[in-house]
K.L.:
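Would you mind keeping the following structure in view while I ask a few things?
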2 protein chains.
Amino acid sequence: MASARATIYQVAQRCGVSTATVSRAMSGGAGMSVDTRRRVLATAAEMGWVPNGSAKALASNRTGILGVLFHDLDSGNDPLLDSPLYLDQVLRGAEQATTGVGDALLIAATRGRSGRDLAYSVAGKADGLVLFARSLNRADTQALASMVPIVTVGRAGSRWPHDDISVDNRGGMRNLVEHLLEQHGLRRLAFVSGPPRTPDSIARFAGFRDALIAAGLPAPDKPDADGGFTESGGEQAAESILTGDRQVQAIVCANDEMAIGVRAVLAARRLRTPADIAVTGFDDISASRHLSPSLTTVHQPMHEVGSRAISLLLQRLREPTKPRTSVVLATESVIRRSCGCRRPPARPPERSMSDGLRRTRSSRTPTEQ
Amino acid sequence: MASARATIYQVAQRCGVSTATVSRAMSGGAGMSVDTRRRVLATAAEMGWVPNGSAKALASNRTGILGVLFHDLDSGNDPLLDSPLYLDQVLRGAEQATTGVGDALLIAATRGRSGRDLAYSVAGKADGLVLFARSLNRADTQALASMVPIVTVGRAGSRWPHDDISVDNRGGMRNLVEHLLEQHGLRRLAFVSGPPRTPDSIARFAGFRDALIAAGLPAPDKPDADGGFTESGGEQAAESILTGDRQVQAIVCANDEMAIGVRAVLAARRLRTPADIAVTGFDDISASRHLSPSLTTVHQPMHEVGSRAISLLLQRLREPTKPRTSVVLATESVIRRSCGCRRPPARPPERSMSDGLRRTRSSRTPTEQ
DNA sequence: GCTCCTCACGTAACCGCTTACGTTAGTTAA
DNA sequence: TTAACTAACGTAAGCGGTTACGTGAGGAGC
């Protein structure tokens with residue numbers, strides 16, 4: 001049953017036309033009578049014929065497949081590389097954009113695989129690729145880019161010649177810290193960073209400084225502690241900050257997981273959040289709204305990252321020579337309670353993200369350059 | 001650069017051999033001298049040649065692509081259908097198994113798409129498909145199955161003729177409830193179910209009854225309330241249970257989200273968990289360990305579901321006529337604090353799932369029939 | 001020395017579709 | 001009436017691999 005699939009020849013014969021006509025019927029029916037087309041389509045359906053994808057791809061030089069490459073599908077085991085905490089959101093966005101044009105979505109992990117291997121098993125099967133930021137080094141990226149068009153994610157400032165889609169990490173953090181400064185009048189803020197050399201980590205710290213400087217406050221040269229983007233790293237960071245002689249009013253974390261670790265330490269020391277020390281995160285992972293108090297953080301539009309990445313790819317496929325496009329998406333502050341805000345009165349509607357919170361967009365609106 | 005890719009002819013010519021030899025070299029090198037093979041491989045690498053996937057697929061009748069179909073990549077908007085809360089875990093398992101044999105992974109959502117559409121855009125591009133439980137109706141499933149081998153997820157008991165991989169929902173719930181009965185001596189348990197007709201919901205309620213019956217307690221015919229697998233549904237269920245005249249000691253929920261809703265209501269009513277009323281969930285979503293008290297629940301081996309689904313598919317591809325295989329994977333009770341257990345002494349190691357908890361496997365070990 | 005293998009490789013027929021180009025019949029314009 | 005189009009379809013040459021089969025050289029066995 002799974003074998004013996006019909007071919008275009010059989011459909012053509014059964015319908016008394018040529019294979020060209022059948023092919024035309026399947027692809028829009030340009031240059032043929034509506035009547036013939038109807039007949040062809042009918043017999044095709046009747047015979048349960050579906051064109052062979054490989055043959056189609058070979059002849060038309062289009063596979064109808066778009067690929068997305070992550071460093072790893074796992075959730076952030078290696079924080080030095082991109083941790084697809086948002087895997088589902090990104091994929092959903094990508095999937096929708098992809099099926100929207102009738103294409104299919106291929107996903108793969110790059111961890112430990114060479115560019116050549118990927119070229120063989122992925123690039124050779126797709127019309128284009130979306131590469132998550134640090135999932136691949138330069139040489140391997142080149143290897144893939146020489147085969148198919150690619151768009152990168154999170155390479156906004158770089159000199160890479162590919163289309164790019166990024167999130168405004170810097171503006172997002174600045175926005176959040178401004179909330180702390182302006183709404184809560186906090187002044188002594190500590191910053192817990194992620195791994196030193198990651199772009200996200202750097203950008204978020206920069207946003208932190210932006211806010212302080214804009215408020216006329218002294219801005220530190222470096223983070224108060226490095227939490228490595230992990231929960232336990234956040235714990236250690238908190239210990240080191242609390243042990244120091246500096247009296248802090250808030251601990252600003254470069255991601256939610258570290259904020260969770262920080263909060264655990266505060267709780268263990270009988271320090272109240274936010275009364276004694278406010279805590280904020282970044283990412284808006286699902287656990288954040290379930291903490292008590294719920295975590296004030298920054299939400300990234302990962303669904304949109306996925307869908308726009310695919311859009312960029314499709315554009316590039318359509319216009320191979322058009323100039324590079326770089327899109328930066330705005331983030332949104334998710335104001336919950338760990339910053340000191342009171343619980344809003346109304347109960348939220350069904351399972352929404354807006355569980356009684358206020359939102360502010362980072363000043364940087366979606367931008368194309 | 002992305003154009004003008006070399007073909008096997010050019011490689012053959014440059015190397016002074018025939019295309020057949022090049023092809024042989026690329027596929028293991030059987031029946032040729034090691035020396036020639038080395039030469040071919042060298043010039044191929046030198047020319048940066050990677051075989052055209054479509055041509056290869058057409059000629060060999062193998063795409064080297066495996067597909068996974070979900071109802072939707074979104075997280076459970078429609079609880080009547082499968083909600084891939086575990087999307088990332090499943091995909092990771094599937095991806096590893098797939099990459100392990102050099103294949104690539106295709107993913108797609110079935111929501112709102114016809115079997116014919118899917119056959120066209122997905123089945124035609126893959127060697128086989130993994131279908132999540134209720135992602136497709138019978139007719140559409142048939143349409144796909146007539147094109148390529150498929151394995152289903154969560155159809156263990158059914159008469160569907162396909163290989164299947166399922167999780168032991170029933171045993172998992174039974175195991176958890178036994179913990180409540182035996183370790184905590186609880187007797188008056190309320191059950192909050194998911195949507196009435198979903199297999200998971202039914203199986204979990206059955207497990208609940210199993211435990212009661214095994215303990216010689218009266219078992220209800222139907223759940224105390226239907227929470228529809230959603231947080232707000234859980235809230236309503238809790239209200240109705242607490243309003244009733246029955247004095248319950250514990251509220252057993254068919255999933256974690258409802259448990260979260262239940263806990264919110266208990267908290268609002270100043271009822272302590274677990275002191276006044278214990279609460280348990282099912283699924284072990286990431287938020288569960290961050291609740292206070294942390295949620296006792298049941299963990300499903302979704303990573304393994306993904307990897308074994310692919311394994312089954314690969315087996316079937318190798319042996320098209322072998323008898324149907326149905327695998328049922330055991331779940332694991334994740335004992336945290338909402339059931340009444342005290343927080344274990346030692347601090348957990350780095351970001352592990354084993355955040356100070358005890359685990360018990362559901363009695364049903366992985367089974368093949 | 002001759003036959004018969006075996007090994008290593010070349011030849012070429014596909015795989016199932018797309019599409020440039022050719023063909024035919026029917027229309028239109030002069 | 002006829003040349004010039006045009007619409008609607010057929011012909012067949014690829015697309016870039018795989019692989020059954022053919023072939024020649026070298027070695028083994030007699």
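Order of the sequence lines fixes the chain letters, A, B, ..., with proteins taken first and strands second; residue numbering starts at 1 for each chain. Being a predicted model, the structure only gives us computed values, none of them experimental.
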K.L.:
Are R155(B) and D164(B) close enough for a salt bridge, meaning some N to O gap below 4.0 Å?
P.N.:
no
K.L.:
Rounded to whole angstroms, how far apart are CZ on R37(A) and P on dA7(D)?
P.N.:
18 Å
K.L.:
In residues 39-59 of chain B, what residues come within less than 4.0 Å of DNA chain C, judged by heavy atoms?
P.N.:
L58(B), A59(B)
K.L.:
Hey, are R324(B) and D163(B) close enough for a salt bridge, meaning a charged N less than 4.0 Å from a carboxylate O?
P.N.:
no
K.L.:
Rounded to whole Å, please give me the gap between CG in N61(B) and P in dT19(D).
P.N.:
10 Å
K.L.:
Identify the two heavy atoms, one from V40(A) and one from V22(A), that lie closest to each other, and give their separation to 0.1 Å.
P.N.:
CG1-CA, 3.9 Å
K.L.:
For Q10(B) and dG17(D), what is the distance between atoms CD and C1' respectively, to the nearest whole Å?
P.N.:
13 Å
K.L.:
Would you call R62(A) and D103(A) a salt bridge, taking side-chain N to carboxylate O under 4.0 Å as the test?
P.N.:
yes
K.L.:
Looking at S23(A), does any N or O in its side chain come under 4.0 Å of the phosphate oxygens OP1/OP2 on dT18(C)?
P.N.:
yes
K.L.:
Nearest to the side chain of T7(A) - dC9(D), dA8(C), dC17(C)?
P.N.:
dC17(C)
K.L.:
Do S54(B) and T63(A) come close enough that some side-chain heavy atom pair is under 4.5 Å?
P.N.:
yes
K.L.:
Over how many whole Å does the gap from M26(A) atom CE to dC17(C) atom C1' extend?
P.N.:
11 Å
K.L.:
Please list residues of residues 11-22 of chain B whose heavy atoms come under 4.0 Å from any atom in DNA chain C, ordered by number; otherwise none.
P.N.:
G16(B), V17(B), S18(B), T19(B), A20(B), T21(B)
K.L.:
Starting at atom CD1 of I8(A), determine the distance to atom C1' of dG10(D), rounded to an integer number of angstrom.
P.N.:
13 Å
K.L.:
Check the pair S121(A), R113(A) against side chain to side chain donor-acceptor pair (under 3.5 Å), reporting the backbone distance first and the verdict last.
P.N.:
CA-CA 10 Å; S121(A) 75; R113(A) 304 174 69 184; 2.6 Å; yes
K.L.:
Check the distance between dG16(C)'s C1' and R5(A)'s CZ and give it to me in whole angstrom.
P.N.:
10 Å
K.L.:
Could you give the OH-to-C1' distance, from Y120(A) to dG16(D), as a whole number of Å?
P.N.:
13 Å
K.L.:
Report the distance from atom CG of D35(A) to atom P of dA7(D), rounded to the nearest whole Å.
P.N.:
18 Å
K.L.:
Please examine the side chains of L131(B) and L144(B), heavy atoms only from C-beta on, and report whether any two atoms are closer than 4.5 Å.
P.N.:
yes
K.L.:
Could you check V90(A), L87(A), L69(A) and say which one makes a side chain to side chain contact (heavy atoms under 4.5 Å, CB included) with F132(A)?
P.N.:
V90(A)
K.L.:
For the residue pair W49(A) and A6(A), what are the closest heavy atoms and their distance?
P.N.:
CD1-O, 3.1 Å
